[in-house]
Amino acid sequence: MRLLWLVGSLALALLIAVLTLQVPAPVGADAPDTDFSTERAMVDVREIARRPHPVGSAEHDRVQAVLMRRMADLGLQTSSQAGALSPAAVRRIERGGGSAAGIELTNLIGVLPGRDPGLPAVALMAHYDTVPGSPGAADDSAGVAAILEAVRAIRARGPADRTLVVLLTDGEELNLDGARAFWGGHPLRDRIGAVINLEARGGGGRAMMFETGRGNAETIALFARAGARATGGVSSNSLAVFVYELMPNGSDFTIPRARGVPGVNLAFIGRPEQYHAATSTPEALDQGSVQHIGSQALEMADALLRAPALPAATANLVYADLFGRGIVGHPPVTGWGLLALAFLGLGMAVWRARSQAGLSVADAGRGAVDGLWFLSTGLVLTQFARVLAGPMAARAESADAYYTLLARLPWMEAGAALTVLALTLALLGGRTRPDRRVVAGAVAATAALALILGGVNVLVIGAAVVSVGLSLAPGFAARSAWGGWTGLIGLILVLAAVAQAFAPEAAFLFIWTGLLAAVAAAVAAFLDPGLIRPRSLAPIALAAVLGAGWIMGLAHTVFLGIGMDLPGALVLLGLLILMLVRPLGPDQGLARPMLMAAAAALILGAGLSVAARVVEPMAATDSART
């Protein structure tokens with residue numbers, strides 16, 4: 001009975017995730033003048049991205065002239081700004097076999113005056129240069145074209161009080177040199193009170209707002225209102241902003257952000273094989289992605305231009321979009337209150353299950369240990385799947401290797417996802433049923449191979465020690481559905497408390513899902529402590545469908561963002577899903593088929609990781625990816 005609820009819940013959750021991740025349909029040229037139209041924007045994409053146009057090339061000069069004409073045609077007051085290459089940019093050109101002699105950067109600037117020139121202006125920013133060998137239809141011709149189409153729509157909506165500055169930067173692919181030149185001393189710099197930057201690291205997928213200025217509460221509130229009017233809604237969460245801030249990556253937005261200018265950074269990162277590749281052509285570009293990023297940029301820019309006051313730096317908001325349709329957020333301190341409610345719900349569930357279903361505190365503790373086994377084993381197995389796909393990014397000695405690894409991401413994601421699925425099935429089927437020595441030996445051997453292929457990794461070593469130890473101690477496995485479930489909820493809430501204390505912007509992932517599971521547990525405990533009747537299984541399944549569907553949608557974006565370096569991030573998200581579906585584990589009579597399915601998923605995941613090497617072999621040199 002419970003198996004049907006389990007399969008149905010996961011199937012519906014996957015369907016919700018797939019629907020959430022869909023890009024909106026591109027809008028045709030017959031759309032109202034005040035709306036964003038992909039078909040209109042694609043005219044510019046095709047003109048800009050005919051061929052690669054890196055800094056210093058003849059094609060780069062052609063694109064400059066095209067863009068200056070387009071901005072003038074849109075009624076903008078145009079100008080340009082010359083800038084010198086930084087030493088880092090010179091070295092990058094020379095490493096690619098070129099010469100930096102005589103090369104100068106040229107930023108392209110357009111101004112649409114507002115009715116009140118004394119008000120702080122709003123900037124729309126994207127870069128128009130590409131890497132050698134790539135037409136750059138996505139990175140960043142799509143961003144440039146989206147800005148031009150947004151300007152046309154803004155003008156059609158009528159005059160605004162604020163001035164709009166269009167900044168098309170040069171040399172982003174070298175060292176952000178164009179942005180450094182403008183924000184380092186251009187006369188317009190100090191007039192700008194907010195900036196919207198458009199980027200891409202791939203050729204498709206939903207556009208995500210992944211970076212803001214510090215103290216972003218007012219910015220996010222405005223973005224949420226503007227995004228509600230955008231085609232396809234919005235995609236953003238404070239976890240992405242938090243993680244990106246820790247990473248060494250940078251974009252043009254990095255420069256004004258460091259100066260304290262508020263704003264948002266938008267990008268799409270799907271179809272990663274197109275990143276900096278010869279295949280990044282207008283024909284290969286996902287037009288739904290152009291619609292999504294362009295409509296969000298339009299609505300945010302229009303809202304800023306017509307706002308009585310621009311967002312001020314206050315406090316960072318904890319927030320996330322719900323299925324891409326709207327943003328829910330709260331101040332960081334509210335996380336403690338939600339966490340208290342979650343512990344209250346868990347306490348009620350434990351009290352009811354102890355009195356009516358024989359739950360013991362010791363068994364709940366064993367349920368938490370099950371979660372630790374899942375995490376530690378998952379870290380070992382996903383790292384092994386990762387190194388099967390190719391050399392670690394840290395060991396890739398050229399840009400060629402880096403871009404090849406990006407192309408492998410879809411295969412790596414599938415391999416890691418199947419590995420996490422295998423662990424979920426193994427735990428639901430009874431992780432202690434196979435011979436403990438076989439399980440421990442398999443984990444140890446996998447860890448050894450991962451270390452040999454991927455290099456020494458302290459985290460993998462520690463995870464292997466924990467996993468082997470717990471695998472050899474079957475007495476630490478939960479013995480009841482209530483023990484396994486409440487223990488997992490408790491573990492997640494402990495992790496939530498740690499995250500809330502040290503990284504509140506990321507804590508919502510644990511707090512919200514933990515609260516959802518705790519409420520479902522409390523409701524089920526009072527409806528049917530035996531967890532047999534539909535009246536108790538229904539609220540559990542509902543929580544699993546909504547919670548797991550939401551997490552699966554996040555998991556895809558998280559893996560595309562950091563999966564190349566941290567495939568184990570998927571394990572943590574898998575643990576949240578496991579927490580939601582744990583009480584739907586099948587009866588003992590179905591344990592063996594579940595374990596066989598787990599083994600099949602594990603083998604298939606490893607096979608997909610190996611297949612990545614065949615589909616995208618690591619090239620020694622590749623002139624299209626420099």
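Being a predicted model, the structure only gives us computed values, none of them experimental.
Side chains of D321 and S236: no donor on one and acceptor on the other come within 3.5 Å. For the residue pair R436 and S471, no side-chain donor N or O sits within less than 3.5 Å of a side-chain acceptor on the partner.
Using a distance-only test at 3.5 Å, with no hydrogens or angles considered, a donor-acceptor pair links the side chain of R206 to the main chain of G232. Side chain of S467 to backbone of A463: no donor-acceptor contact under 3.5 angstrom is found. The closest donor-acceptor contact from the side chain of Q383 to the backbone of L451 lies at 3.5 Å or more, if one exists at all. The main-chain N or O of H276 is never found under 3.5 Å from a side-chain atom of S280 such that the two would form a donor-acceptor pair. Checking side-chain atoms of R437 against main-chain N and O of L472 turns up no donor-acceptor pair under 3.5 Å. Put simply, the side chain of W482 never gets that close to the backbone of A364: no donor and acceptor are under 3.5 Å apart. Between the side chain of S289 and the backbone N or O of G205, at least one donor-acceptor pair lies under 3.5 Å. Between the side chain of R366 and the backbone N or O of R479 there is no donor-acceptor pair closer than 3.5 Å. Between the side chain of D528 and the backbone N or O of R535, no donor-acceptor pair lies under 3.5 Å. Here the side chain of D363 pairs no donor or acceptor atom with the backbone of G484 at under 3.5 angstrom.
Minimum interatomic distance between S9 and L584 (heavy atoms only, all atoms of both residues): OG-CD1, 3.8 Å. Minimum interatomic distance between P434 and V439 (heavy atoms only, all atoms of both residues): CB-CG2, 3.9 Å. The heavy-atom pair separating A481 from L531 by the smallest distance is CB-CD1, 4.1 Å. A pairwise comparison of heavy atoms in W485 and A517 identifies CZ2-O, 3.9 Å as the closest pair. In this structure, I551 and L573 approach most closely via the heavy-atom pair CG2-O, 3.7 Å. Pairing each heavy atom of G585 with each of R2, the nearest pair is O-NE, 2.9 Å.
The side-chain heavy atoms of N237 and L554, taken from C-beta on, include a pair separated by under 4.5 Å. Contact annotation: the side chain of I540 never approaches that of V581 to less than 4.5 Å [non-hydrogen atoms, C-beta and beyond]. Contact of the Y319 side chain with the F508 side chain is not registered, since no non-hydrogen atoms from C-beta on lie closer than 4.5 Å. For the pair V460 and L379, the minimum side-chain heavy-atom distance is 4.5 Å or more. With contacts defined as side-chain heavy-atom distances shorter than 4.5 Å, the pair F510/V498 does not qualify. Taking 4.5 Å as the limit, every side-chain heavy atom of E245 sits out of range of all side-chain heavy atoms of E211. The shortest distance between side-chain heavy atoms of M208 and I269 does not fall below 4.5 Å. At least one side-chain heavy atom of L322 sits less than 4.5 Å from a side-chain heavy atom of W550.
The OG1 atom of T424 lies 11.0 Å from the CG atom of L418; values are rounded to the nearest 0.5 Å. Atoms CG and CD, on D286 and Q274 in that order, are 8.5 Å from each other to the nearest 0.5 Å. Here the straight-line distance linking atom CZ of F242 with atom CG of N316 works out to 10.5 Å at 0.5 Å rounding. Between F526 atom CZ and Q356 atom CD the span is 9.0 Å, to the nearest 0.5 Å. Taking CG of L339 as the start and CH2 of W336 as the end, the distance is 6.5 Å to the nearest 0.5 Å. In this structure, H292 NE2 and L266 CG are separated by 9.0 Å, a value rounded to the nearest 0.5 Å.
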Report task. Could you walk me through whether D139 and E199 pass side-chain contact (heavy atoms from CB on, under 4.5 Å), step by step? Result -> CA-CA 6 Å; D139 183 17; E199 259 290 359; 3.1 Å; yes

Query raised in the report: Are R201 and R271 close enough, and set up right, to give a side-chain contact (heavy atoms from CB on, under 4.5 Å), and what steps lead you there?
Result: CA-CA 9 Å; R201 200 197 76 172; R271 300 186 183 180; over 6 Å; no

Requested in this report: Check step by step if salt bridge (charged side-chain N to carboxylate O under 4.0 Å, His left out) holds for R431 and D370.
Outcome: CA-CA 9 Å; R431 68 178 180 87; D370 279 346; 2.7 Å; yes

Query raised in the report: Could you go step by step and tell me if M552 and L14 meet the side-chain contact (heavy atoms from CB on, under 4.5 Å) rule?
Result: CA-CA 7 Å; M552 288 178 187; L14 180 60; 4.1 Å; yes

Query raised in the report: Is there a side-chain contact (heavy atoms from CB on, under 4.5 Å) between L427 and W373 once you walk through the steps?
Result: CA-CA 9 Å; L427 202 149; W373 177 86; 4.1 Å; yes

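For the side chain to side chain contact (heavy atoms under 4.5 Å, CB included) with V571, the lone residue among L578, T419, T382 that qualifies is T382. Checked options L509, I220, V318, I327; the residue passing with S238 is V318 (criterion: side chain to side chain contact (heavy atoms under 4.5 Å, CB included)). Among L338, L516, T334, the one residue that satisfies the side chain to side chain contact (heavy atoms under 4.5 Å, CB included) test with I511 is L338.
Atom CZ of R533 has 12 or fewer heavy atoms from other residues, nucleotides or ligands within 6.0 Å.
Among residues two or more places apart in sequence or in another chain, the side-chain contact (heavy atoms from CB on, under 4.5 Å) test is passed with F210 by Y244, N265, A267.
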